[in-house]
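Note that these values count all heavy atoms, side chains included, but never hydrogens, waters or copies made by symmetry.
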Amino acid sequence: MATPLPHTVTQSGQWWRDAVIYQVYVRSFADANGDGVGDLAGVRERLPYLAGLGVDALWFTPWYASPQADAGYDVADYRAIDPLFGDLAEAEAFIAEAHQRGLKVIIDVVPNHVSDQHAWFREAVAAGPGSPQRERFWFRPGRGDLPPNDWQSVFGGPAWTRLADGEWYLHLFAPEQPDLNWNSPDVAAEHQDVLRFWFDRGADGVRIDSATMPAKDPELADFDPANPPLPHPYIDRDAVHDIYRAWRAVANAYDPPRALIGEVWLDKPDRLAMYLRPDEMHTAFNFDYLNCTWDPKALRHVIDATLEAHAPVDAPATWVLSNHDVTRHVTRYGRADSSYGHALRQHKTPVNLALGTRRARAALLLNLALPGSVYLYQGEELGLEEVEDIPGTHRQDPIFHRTRGLDIGRDGCRVPLPWSGTTAPYGFSPPDATAEPWLPQPADWATRTAEAQTDDPDSMLTLYRTAIRLRREHLSSIAATLEWLPTDPALLAFTRPGGFAFLANLSDQPVALPGPGEILLASGALPDGLVPPDTAVWLHTIRSN
Ligand code: NOJ
């Protein structure tokens, strides 16, 4: 049993401790101007939908001016909105309108790198070797015709690109994403200023991209990625924490304080917790949970490990199953091996979508019953699966192109949302659109649209709406604790304060409810009052006093 966190969210007023946060991947959400790419006007039109879903906050993936070499994670200007999506006035109006509807807005910041079209990088290229402008990046001479070291890009290929003047620059992602040198005081000052720019415009928090990577070993020595030295040359180095301490001070200067949310991919919960110390980030994504198989022992282990690691730093846990970088969980849970790893996407291995959907429904009830905050990725509320048959000619992810298709990449989870109608573009673009959606939508998504699901009591959308509403009623102002019930190890069963009980059946036989009580919600039918395999229930237990 994990150490209880001492306070309830209601007492503390810290919304991010138990918020349900919906990730808006802008280019695939809704296209108002008919160019085939989602935009801010499209999100604004759908604000009633988002408010009706019952979520507390929206997280926008980067909306800044960008050449879009990595779908906006190559930022050319943080103080401008990309014309693809709208303009700054629209972003400001959007934040204000979201606030009127009671929704917080979180934006994405990318400290590790900028675009090669960012003014700083252009100046550095123009200024030449040895110039102070190059100090803001990692420029080095090569080793003869070879790069300065053997580091490989996360997206495939070498992590260095050579300029015409002979110097090389470091990019841990695509060549269009040069890494910043955080030893340069300009870099720290500029990012703090960018935070203030958006906090002044009402942003309630930031999601921090690739948060473990900005600090580098200045030796830039070769290493064996299969057996990296400790500390790692660029992942989770101690110096990275200085960045977030300074950011926390910026966030704390606002009333109410703004929230810092880290993309911290680390498989060591104790190292992750270091980012959540009281003077650093408020919360971080739980990727161990995302990676976990649909297996009761593994899930229970990861839940306990999460709660245990977060308790000493008094940070809330987070529960997340999908985002714009990973295979959608309806698909993952429909595979014989339901784990996730970037290195092995299991593209086109057999999938049982009916099974994956049943499990995804049960998983939603689990996520929303656990203490902490929950992240939803757009489209999961429609039960969307990974689209695996996008032709190579349409694929846009730099991972696909840089690995020459060896790694299929992330386009399959980024397909534009189906809103209405029976054929593409399913209301994603207006009827007079001049372009097709930027990625092709499957021909059989008529039943997946929001319109088709909205009045269907058994749809995924109805389950999300109902579960989020009931969570608010029953789980939002209680202590962040859970108590496992002694059950068959193939079940996940626990109670929360206030007479709430949860059970998920991961065995292959129907099982009885965990005790007497009122059934608040079930992820599927309960024939004969029993809980079938891959089904979860919420109960309000009847207390004897
Ligand atoms: C993590 C983001 O989620 C991903 O989409 C992006 O490609 C990399 N960081 C690089 O910014």
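L103 pairs with exactly one of I21, D56, V55 by the side-chain contact (heavy atoms from CB on, under 4.5 Å) rule, that one being V55. When each of D411, I408, D407, D325 is paired with I399, the side-chain contact (heavy atoms from CB on, under 4.5 Å) condition holds for D407 and for no other.
Side-chain atoms of H241 and Y275, non-hydrogen and from C-beta on, do get closer than 4.5 Å to each other. Looking at S210 and V110, their side chains never come closer than 4.5 Å, going by heavy atoms from C-beta outward. Residues S28 and Q378 are in side-chain contact: their nearest non-hydrogen atoms beyond the backbone lie under 4.5 Å apart. For the pair F121/R136, no side-chain contact is recorded, criterion being any heavy-atom separation below 4.5 Å from C-beta on. Considering only heavy atoms from C-beta on, L290 stays 4.5 Å or farther from Y375 through its side chain. Taking 4.5 Å as the limit, every side-chain heavy atom of L180 sits out of range of all side-chain heavy atoms of N112. Between E381 and L376 the shortest side-chain heavy-atom distance does not fall below 4.5 Å. At a threshold of 4.5 Å between non-hydrogen side-chain atoms, the residues R448 and L384 count as touching.
The aromatic ring centroids of H329 and Y340 lie 6.0 Å or more from each other. If you look at F85 and Y64, their ring centroids are not closer than 6.0 Å. For W168 and W151, the gap between ring centers reaches or exceeds 6.0 Å. Aromatic pair Y169/F137: centroids not less than 6.0 angstrom apart. The aromatic ring centres of H342 and W265 sit less than 6.0 Å apart. Checked against the 6.0 Å centroid threshold, W138 and Y234 do not count as a close aromatic pair. Checked against the 6.0 Å centroid threshold, F287 and F285 count as a close aromatic pair. With ring centers used as reference points, H324 lies under 6.0 Å from Y73.
Remark: the E167 side chain and the W160 side chain contain no N/O donor-acceptor pair separated by less than 3.5 Å. For the residue pair W319 and N286, no side-chain donor N or O sits within less than 3.5 Å of a side-chain acceptor on the partner. Side-chain contact annotation: Q117 with R122, donor-acceptor N/O pair under 3.5 Å present. Side-chain N/O atoms of Y289 and N367 include a donor and acceptor closer than 3.5 Å. Between the side chains of H171 and S153, no donor-acceptor pair is found at a separation under 3.5 Å.
Ion pairing between R17 and D314 holds under the 4.0 Å rule for side-chain N and carboxylate O. Salt bridge status for D236 with R271: present, with a side-chain N to carboxylate O gap under 4.0 Å. Under 4.0 Å is where a charged nitrogen must lie from a carboxylate oxygen, and between D82 and R27 no such pair does. With respect to the salt-bridge test (charged N to carboxylate O, under 4.0 angstrom), the residues D209 and R207 qualify. The pair D242-R237 does not count as a salt bridge, with every side-chain nitrogen at least 4.0 angstrom from each carboxylate oxygen. Using a cutoff of 4.0 Å between basic side-chain nitrogens and carboxylate oxygens, D70 and R410 are scored as salt-bridged. With respect to K348 and E388, no salt bridge is recorded, no charged nitrogen being found less than 4.0 Å from a carboxylate O. Between R143 and D150, no side-chain nitrogen of the basic residue sits less than 4.0 Å from a carboxylate oxygen of the acidic one, so the salt-bridge criterion is not met. In this structure, D200 does not pair ionically with R258, as no charged nitrogen and carboxylate oxygen lie closer than 4.0 Å.
Using a distance-only test at 3.5 Å, with no hydrogens or angles considered, no donor-acceptor pair links the side chain of R395 to the main chain of P391. No side-chain donor-acceptor contact under 3.5 Å links R134 to the backbone of A127. Checked by atom type and distance alone, the side chain of H118 never pairs as donor or acceptor with a backbone atom of V114 at under 3.5 Å. In this structure, the side chain of D39 engages the main chain of G42 through a donor-acceptor pair within 3.5 Å. Listed for the S429 side chain is no donor-acceptor partner under 3.5 Å among the backbone atoms of D35. Panel note: side chain T293, backbone S339; no donor-acceptor pair is recorded below 3.5 Å. Without hydrogens or angle criteria, N149 side chain to L220 main chain gives a donor-acceptor distance under 3.5 Å.
Take A249 and apply the side-chain contact (heavy atoms from CB on, under 4.5 Å) test, not counting sequence neighbours, and it matches no residue.
With F155 as the aromatic partner, R402 does not meet the cation-pi criteria of under 6.0 angstrom to the ring centre and within 45 degrees of the ring axis.
The line from CZ of R332 to CG of L321 is 6.0 Å long, rounded to the nearest 0.5 Å. Between the CD atom of E176 and the OG1 atom of T161 there is a distance of 8.0 Å, given to the nearest 0.5 Å. Atom CD of residue E280 and atom CE of residue M274 lie 7.5 Å apart, to the nearest 0.5 angstrom. To the nearest 0.5 Å, the span separating OG1 on T283 from CG on L276 amounts to 6.5 Å. Here the CG atom belonging to D31 is positioned 11.5 Å from the CD atom belonging to E436, to the nearest 0.5 angstrom. With rounding to the nearest 0.5 angstrom, the NE2 atom of H113 is 7.5 Å from the CG atom of D74.
Listed here is the closest heavy atom pair of A124 and S131: O-OG, 4.4 Å. Heavy-atom minimum distance, R335 versus T349: NE-OG1, 3.0 Å. Of all non-hydrogen atoms in A273 and A309, the two that sit nearest each other are CB-O, 3.4 Å. Residues T327 and R345 approach most closely at OG1-O, 4.1 Å, considering heavy atoms. The two atoms that bring V240 and A211 nearest to each other are CG2-O, 3.5 Å, heavy atoms only. Heavy atoms only, all atoms of each residue included: F223 and P233 are closest at CD2-CG, 3.5 Å.
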Mind running ring pair (Phe, Tyr, Trp, His ring centres under 6.0 Å) on H191 and W182 for me, showing each step along the way?
CA-CA 10 Å; H191 272 80; W182 276 83; 4.9 Å; yes
D108/V206 under side chain to side chain contact (heavy atoms under 4.5 Å, CB included): CA gap, chis, key distance, verdict
CA-CA 5 Å; D108 222 307; V206 288; over 6 Å; no
Hey, mind stepping through T212 and L266 against side chain to side chain contact (heavy atoms under 4.5 Å, CB included) and telling me if it holds?
CA-CA 8 Å; T212 62; L266 288 177; 3.9 Å; yes
Check against side chain to side chain contact (heavy atoms under 4.5 Å, CB included), V187 and W120
CA-CA 10 Å; V187 173; W120 277 6; 3.9 Å; yes
Run the numbers on L47 and L58 for side chain to side chain contact (heavy atoms under 4.5 Å, CB included), then give the verdict.
CA-CA 10 Å; L47 260 175; L58 307 175; 4.2 Å; yes
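Ring geometry, Y25 versus Y377: the interplanar angle exceeds 60°, so the pair is classed perpendicular (tilted spans 30 to 60°).
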